[in-house]
Amino acid sequence: MNGKLVLSSSPHIRTIESVRSVMVDVLVALFPVALVAVLLFGHQALVNMAIGVVTAMAVEAIWLRKLDLFGDGSAAVTGLLLAMTLPASAPWWLVVVGAAAAIIIGKQVFGGTGNNIFNPALVGRAILLASWGARLAGPVWPVPKPFNFGVDISAVTTATPLAGQAEALKVTLGQMFVGNVAGALGETSALALLIGGFWLLYKGHIDWRIPGGYIATVFIMGAVFGGGAYLNPLTTGLFHVLAGGVMLGAFFMATDMVTSPVTPAGKLVFGVGCGLFTMLVRLFGAYPEGVTFGILIMNALTPIIDNLTIPRKFGEVKKSA
Amino acid sequence: MKSMASLVFRGGVHPEYRKELTASLAVVSMPAPAQVVIPLQQHIGAPCEPLVQVGDQVKLGQKIGDSKGFVSAPVHASVSGKVAAIGPYNHPLGRPVQSITIESDGLDTWDQSIKPAGELHELSRDEIRKLVREAGIVGMGGATFPAHVKLAPPPEKPIDTVIINGAECEPYLTADHRLMLEKPGEIIYGLKIMMKALGASRGIIGIENNKPDALRVMRQAVESEPEISVAALHTKYPQGAEKMLIQVTTRRKVPSGGLPMDVGVVNHNVGSAVAMTRALREGKPLIERVVSVTGEGVVRPANLAIRVGTLVSGVLEFCGGLRGNTRKLIIGGPMMGLAQTTADLPVIKGTSGILALTDEDVDLAESSDCIKCAKCVGSCPVYLVPTFIAQAAEHKLFERAEKLHAADCIECGCCTYVCPARIPLTQWIRIAKFEVLERRKQK
């Protein structure tokens, strides 16, 4: 018996959760989003998401020189999220370059899973935006053709509600909630994103403070400074929440564990900051959309936020000044 | 103001409890072994000096080791017979400890000093404290802090509440559960002893609500005791940690770095209450305790009343031995117990469980880098940021660890339990805590 008894420090039992199971849960949460993308944008959506996932996994496996393609599952999440920020009409090579950049420049050069400073999928997207901006800006976004598979979705394009004038495009808030508007694969359907997001909240993988702070800030800034989109502040605020990548960003990008704060107060500050920078870019910046840069800026501030928001310990006596 | 639903603390985890292995098994007395090994240190504080020599005849219950230190507890012979050896012997703490080996004569002849101390109302506070000290009673939940010290707080710290800890939040263990079912009267009498010694007006027995039968029995037992109440606690680990227990039963928060007495509370384990009752009513020192021998690796799990000093190997033999797939032998529970490499060590006063985990439950996965999921932060019942403290410890940044309140860690193990990257956070924090406390001592 002596030879095989294991000696280690307590505790001696562990949760069944692992990094891999958490990543699988994120993929499951993204399933409704992916499903709606395919229903709206057809086979091109499916192909682009598959290319994103496979490229990211393959690049990571090659980089790590491991045969285990799925690995800890984080590469698949990164690849899928990247594809979801692109239009259905994006050519295959754009997805490949984006996914490879996300894995290599966004993550592996920092030391791999857990060590990257910036959200890898958004690093990939930012590189694409800087290099092939014209393909991601202007009236290049395919108009969805629900339940119409096999047709070339790129034939009819328009501006996104955010880039064009929503009134001019005759887009209703209801349409935007369901997702039946021009936009990136995973960004258009708030409904699908809410389903996935709430599942992650239920599983305890994300904290309400990040999406809550993010969405509330976007809503308030949209209502107060939103201007022309809709006439009354309430609908203008809602427009800014539903338009573009805010919902995907709030539930799936800003909540990236590695690149967001670990303290409860820090998570709230982070969420509010993401909303603030997103809206600053939208309202006053050169790009129509600010989610990518909003979150990347807050990623950079994460270590500082964490250090400034260390929780008060149990029974800490308030220091009298 | 607050309802029953508020009897819950922030943080904590919900491991599988696996108490069904032994919860329904009544306590069985294990026959006294032919030989016992009594460590001279079975408590926090000053170790005892032996009062006997090799070759001496000793009686059952005779004091064989004592110390002049206030924070200490004497040890007693748990069999009658002959002192065979005095020297270092394996100990649950993982290093050899000076111990007295007694060969039993099989007669269990009680020492003549063993006699009832009298009725509670006849005894003064000081007499009670002395009795508890002489009986060698320590915290029997596993912490082994000498019980008489907790009955003698400084005069500037008045105590109004005594809490009996029947939470038994450690998975697998059911020793306290069985005591509550089988000895409710002794527990309540023990609580009254403590209340009298401390001048406390209120007694609370806290029990996790996963033990409805114990709640029922204890509630029945306190029906005619207006000063004593039974509190049903939310089932969540570490509900039995003293800060958490005090918080949910009294709404008081023990200050950081402070003690329960700072908020007018003293708490004791149910086993310690029973031990005090026996010390008063029968004059018996702490020479026997209830131990859950459990885990999937034990052939016949049981709750046993075991003489202190019985070798674990003998206990396991009594329970049919260990299964071949046993991978960890633990003294205590799975969350805070101490893993052992040998069963050749004695049951001591603080041994609440002997647990054998099998391959199926021993996770030997290597850790990967922290993904900052913050699950450790959410699980910490004292609101620390475990992953940052662990990182600081790993890089020997002990000043940073101190700033992150490493010294406040209660070592409950929740952070390690929840970590999906399998990082031994609690272990790193223990290192940090040790270093921080050492540095404070040097200052």
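Keep in mind that the numbers below use all heavy atoms, side chains included, and drop hydrogens, waters and symmetry copies. Sequence lines set the chain letters: A, B, ... in the order given, protein chains first and strands last, and positions in each chain run from 1.
Counting only heavy atoms from C-beta outward, the side chains of B/Val377 and A/Thr263 never approach each other to under 4.5 Å. Side chains of B/Arg422 and A/Thr15 form a contact here, defined as non-hydrogen atoms less than 4.5 Å apart. Two residues are said to be in side-chain contact when any heavy atoms from C-beta on lie closer than 4.5 Å; A/Arg20 and B/Pro420 fail this criterion. Residues B/Cys373 and A/Val22 are not in side-chain contact: their nearest non-hydrogen atoms beyond the backbone lie 4.5 Å or more apart. At a threshold of 4.5 Å between non-hydrogen side-chain atoms, the residues A/Ile13 and B/Leu357 count as touching. Residues B/Gln340 and A/Leu5 fail the side-chain proximity criterion, which asks for heavy atoms closer than 4.5 Å.
The neighbour count for A/Phe198 CZ, taken as heavy atoms of other residues, nucleotides or ligands under 6.0 Å away, does not exceed 12. Other residues, nucleotides and ligands place more than 12 heavy atoms under 6.0 Å from the CG atom of B/Leu364. Within 6.0 Å of atom CD in B/Glu20, more than 12 heavy atoms from other residues, nucleotides or ligands are found, so the atom counts as buried in its surroundings. Atom CD of B/Glu394 sits in a crowded spot, with more than 12 heavy atoms from other residues, nucleotides or ligands closer than 6.0 Å. B/Lys253 NZ: more than 12 foreign heavy atoms inside a 6.0 Å radius.
Only the side chain of B/Thr426 comes within less than 4.5 Å of a heavy atom of chain A; its backbone N, CA, C and O stay farther away. The contact between B/Pro334 and chain A is made by backbone and side chain atoms together, counting heavy-atom distances below 4.5 Å. Heavy-atom distances place the side chain of B/Pro171, and not its backbone, under 4.5 Å from chain A. Residue contact with chain A, scored on non-hydrogen atoms closer than 4.5 Å, is absent for B/Arg18. Heavy atoms of B/Asp359 lying under 4.5 Å from chain A are absent altogether. In this structure, the portion of B/Leu338 lying under 4.5 Å from any heavy atom of chain A is its backbone and not its side chain. Looking at A/Asn307, the atoms closer than 4.5 Å to chain B (heavy atoms on both sides) all sit in the side chain, from C-beta outward. Residue contact with chain A, scored on non-hydrogen atoms closer than 4.5 Å, involves the backbone of B/Cys370 exclusively. Contact annotation for A/Ile206: neither backbone nor side-chain heavy atoms come within less than 4.5 Å of a heavy atom of chain B. Only the side chain of B/Lys375 comes within less than 4.5 Å of a heavy atom of chain A; its backbone N, CA, C and O stay farther away. Of the two parts of B/Arg430, only the side chain, counted from C-beta on, holds a non-hydrogen atom closer than 4.5 Å to a non-hydrogen atom of chain A.
In this structure, the side chain of A/Lys4 engages the main chain of B/Thr326 through a donor-acceptor pair within 3.5 Å. Of the possible donor and acceptor atoms, none in the side chain of A/His12 sits under 3.5 Å from a partner among the backbone N and O of B/Ile330.
With chain A as partner, the option from B/Arg10, B/Arg400, B/Lys403 having the largest number of non-hydrogen pairs under 4.5 angstrom is B/Arg400. When B/Glu411, B/Glu16, B/His14, B/Lys243 are compared by the number of non-hydrogen pairs under 4.5 Å with chain A, B/Lys243 comes out ahead. Options A/Leu7, A/Asp256, A/Asn116 differ in how many heavy-atom pairs under 4.5 Å they form with chain B, and the most are formed by A/Leu7. For the options B/Ala339, B/Cys415, B/Cys412, B/Cys376, heavy-atom pairs under 4.5 Å to chain A are most numerous at B/Ala339.
One finds the SG atom of B/Cys419 at 7.0 Å from the CZ atom of A/Arg14 (value rounded to the nearest 0.5 Å). With rounding to the nearest 0.5 angstrom, the CD1 atom of B/Ile431 is 8.0 Å from the OG atom of A/Ser9. The distance from atom CZ of A/Arg312 to atom OH of B/Tyr383, rounded to the nearest 0.5 Å, is 11.5 Å. Going from atom CG of B/Asp369 over to atom OG1 of A/Thr113 covers 8.0 Å, rounded to the nearest 0.5 Å. Distance check: A/Ile310 CD1 to B/Ile389 CD1 gives 8.5 Å after rounding to the nearest 0.5 Å. Atom CD1 of residue A/Ile16 and atom CG of residue B/Asp363 lie 11.0 Å apart, to the nearest 0.5 angstrom.
Nearest approach of B/Val385 to A/Pro311, heavy atoms of both residues: CG2-CD, 3.5 Å. Here the closest heavy-atom approach between residue B/Ala421 and residue A/Val19 is recorded as CA-CG2, 3.8 Å. Of all the heavy atoms in A/Ser10 and B/Gly337, the pair that sits closest is CB-O, 3.3 Å. Counting all heavy atoms, side chain and backbone alike, A/Phe314 lies closest to B/Gln247 at CE1-OE1, 3.3 Å.
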Inset, instruction - Dump the intermediate steps for side-chain contact (heavy atoms from CB on, under 4.5 Å) on A/Ser8 and B/Lys328, then the final yes or no. - result: CA-CA 9 Å; A/Ser8 73; B/Lys328 254 189 187 177; 2.6 Å; yes

Inset, instruction - Could you please spell out the steps behind the side-chain contact (heavy atoms from CB on, under 4.5 Å) verdict for A/Lys313 and B/Val382? - result: CA-CA 6 Å; A/Lys313 62 192 169 177; B/Val382 290; 6.0 Å; no

